Protein chains: 2
Amino acid sequence: MASYKQIAERTGLSFGTISNVLNGKGSVKEENVKKVYEAIEELDYRPNYQAKALASDSAKLLGVIVPSINDVRETEVFSYMEEFARSKGYRIMLSTSHNSAKEEKNQCEIMLSSQVDCLFIMPYSSENKEYFRRLSEQMRDRIIFINRYLEDVDIPFTVVDNDYAAMEMIQYIYKMGHRKVTFLDLKDRGISSVRDRRKGIIRWSAEMNMECEIKEIESTLEDEVMIGYQYAEQAIRNQELPKVILARDDAMAIGVYSACMQYQVSVPETVSIVGFGKYYSDYMTPKKLTTFNRDFKSLLKQATDMFLAITNGETEHIQRKIFIKGYMENGATVQKV
Amino acid sequence: MASYKQIAERTGLSFGTISNVLNGKGSVKEENVKKVYEAIEELDYRPNYQAKALASDSAKLLGVIVPSINDVRETEVFSYMEEFARSKGYRIMLSTSHNSAKEEKNQCEIMLSSQVDCLFIMPYSSENKEYFRRLSEQMRDRIIFINRYLEDVDIPFTVVDNDYAAMEMIQYIYKMGHRKVTFLDLKDRGISSVRDRRKGIIRWSAEMNMECEIKEIESTLEDEVMIGYQYAEQAIRNQELPKVILARDDAMAIGVYSACMQYQVSVPETVSIVGFGKYYSDYMTPKKLTTFNRDFKSLLKQATDMFLAITNGETEHIQRKIFIKGYMENGATVQKV
DNA sequence: TTGTAGGCGTTATCAG
DNA sequence: CTGATAACGCCTACAA
């Protein structure tokens, strides 16, 4: 691997000059600039980012940790982050916490040891609360929570405004003429986002004088589509399928929808289904899912904007807790009565 | 940030000893080991991987470049690589070439400058053939092509055996009683994989005495689901929908299927659809797509195995060109006649 | 078992 | 405009 050393030998120039050429700093004689570029070409020189990171203050590295990448949802995070990184000259290190609190901690440590400029993380559970609290003191504002947050931990975050979402959903259902909803959830893992949504659903349906039933599914499956499918299959067999289902997730909603198709239960005539999020739903056939679009893109943008602001030293008046409002996306899976 | 320096100051030990403790090398007095760990704890010390990489020979870093992450397919690559990296103590840098040859080159350079131990890349087009040929000389066996390869470029690869796949598919169609197929393709971008498959389809249908029609779609759309949908919509309106469609891709197949659902064209009675790959198809409702499962997992495993072999210095008898055989996956979208 | 010193590829500072 | 030199944090002989 060629380095400044061989460039220096070849051109007779010093490290300082070479560095200036390569980084477009200071001013260098035209002739020497040329010499350096020639040497680079012939030596197949390539900068060493590790060394650069060590010598300067920033590694130009962003860390991203998500709970898993087994399904479609998280790709949006990468996709967005990747785009952002490219546009700002950062590189991306990626890992997942594999739905495990221990692994989450491991991966955080690895990211920090990698000297990331900022770590964007979708926390998995509240088990690492103490750990994150400690981190927040050590590296103030070098970590940003995405989509989920931990209560009493002073790490900036951007999350969906779940109370608002719940309100929108309930009001939508109400307007469609329904007076009872069933919220389909999984057993709680202590993370805020779904819990907040559920709270909101309960609160707002009370507010609107609607009956609200919570169904907590316990399942060993990972895939929420399958979980939804199995639940619905069971419910259809037992003839206890609710009239209006709000799934915690659009994956789960699609599972429910699939089962209905399979067993010839007509949607929305027999059962209305509302999802949350808009990932799988584009591929759902033949009907479009009625779902709440949480506007994830804008959530991500807020996160990177926050990072930018912090980088620019605007540490003072930075909004550290951001709640994103989304909007109902009209599909064809809710019946007007 | 705490470093060896502060640990040394605190413990009165030297760099060498600290290094030995932290890396479990040499032998260090029990008492001093303890001292070091205490210091680490109190100083919130964390190793600096950049420095480590610089001082040692390996960065313990793997690079992954895929053409895009806008859809489901590529997540499998990450997911697998991530798992592999974790198990072997590597980190992962991820980026996409954004379906652009220029960007592909950029990202490669960035990866190499990041001192990745190995770069796994799904080449986008053949435009960078010259570039890769040059790279192959500079960094022999530090690059591995995944899923696609470039002819006349001496970079090891693992790809799907498309000729075999074509044979399997054609034979399947034949056994189902059909004597004519239509292969749905996009305008060629010069990359090997689909082209090989198409060649195979042509070759094997000739071999089996079947009629074979190639439909080359030209579209500005990115999303193959939509491309397939639009094609089928058009074909349905013009009443020229083929009897048996082999889509280049399962995304496209799903698009076609969606359109059929939308316009009440019965599958497989009116049209049989075969996909390639098995990504979206799990979420397809209500029918499962009949598709060729290319066994992508095993393809990825072969790639990482290759890397491992190279790392272990088994440079001699390494299989550098690997073709993976997949298998037909029975769904419900092909009619038996 | 421990300490010393040179080196990895850069950047940055400060003379010249 | 250019050169010398000290960092950056860690590893690795080699010497003690």
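We name chains A, B, ... by the order of the sequence lines, and we start the count at 1 in each one. Just so you know, these numbers use all the heavy atoms, side chains as well, and skip hydrogens, waters and symmetry mates. It should be emphasised that the depicted structure is a prediction, and the values quoted were computed from it without experimental measurement.
In summary, the side chains of A:H98 and B:E82 do present a donor paired with an acceptor at a separation below 3.5 Å, with no hydrogens or angles considered.
Contact annotation for B:L13: backbone-only contact, meaning every heavy-atom pair under 4.0 Å involves sugar-phosphate atoms and none involves a base. Within the 4.0 angstrom heavy-atom criterion, no nucleotide atom of any strand lies near B:L22. Contacts of A:Y45 with the nucleic acid, taken as non-hydrogen atoms under 4.0 Å apart, involve only primed sugar atoms and P, OP1 or OP2.
On the nucleic acid side, DNA chain D has its first and last nucleotide under 4.0 Å of a heavy atom of chain A at D:dC1 to D:dG9, going 5' to 3'.
One can place CG of A:L43 at 13 Å from P of C:dG9, the figure rounded to the nearest angstrom. If you take NZ of A:K5 and P of C:dG7, they are 8 Å apart, rounded to a whole angstrom. Taking atom NZ of residue B:K29 and atom P of nucleotide C:dT1, one finds them 9 Å apart after rounding to whole Å.
Residues B:S27 and A:R46 each lie close to DNA chain C; by heavy-atom proximity, the contact nearer the 5' end of the strand is made by B:S27.
By the 4.0 Å N-to-carboxylate-O rule, B:R133 lies close enough to B:E130 to be salt-bridged with it. A salt bridge links B:R195 with B:E151: the closest approach of a Lys/Arg side-chain nitrogen to an acidic carboxylate oxygen falls below 4.0 angstrom.
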task = Go through the steps to decide whether A:D117 and A:S58 satisfy the test side chain to side chain donor-acceptor pair (under 3.5 Å), and finish with yes or no.
result = CA-CA 6 Å; A:D117 295 296; A:S58 153; 2.9 Å; yes
request  = Mind running ring-ring contact (aromatic ring centres under 6.0 Å, His included) on B:Y80 and B:F120 for me, showing each step along the way?
outcome  = CA-CA 12 Å; B:Y80 178 86; B:F120 296 92; 9.0 Å; no
N/O to N/O distances under 3.5 Å, protein versus nucleotides 12-16 of chain C:
residue, atom, partner, partner atom, Å
C:dA12, OP2, A:K25, NZ, 3.2

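Heavy atoms only, all atoms of each residue included: B:Y149 and B:V159 are closest at CD2-CG1, 3.6 Å.
From B:Q50, atom CD reaches atom OG of A:S56 across 9.0 Å, with rounding to the nearest 0.5 Å.
Here A:K52 reaches the OP1 or OP2 of C:dT11: one of its side-chain N or O atoms lies under 4.0 Å away.
With B:D154 as the partner, the salt bridge (Lys or Arg N to Asp or Glu O under 4.0 Å) test is satisfied by one option alone out of B:R140, B:K321, B:R134: B:R140.
For A:K105, the NZ atom is loosely surrounded, since the number of other residues' heavy atoms within 6.0 Å does not exceed 12.
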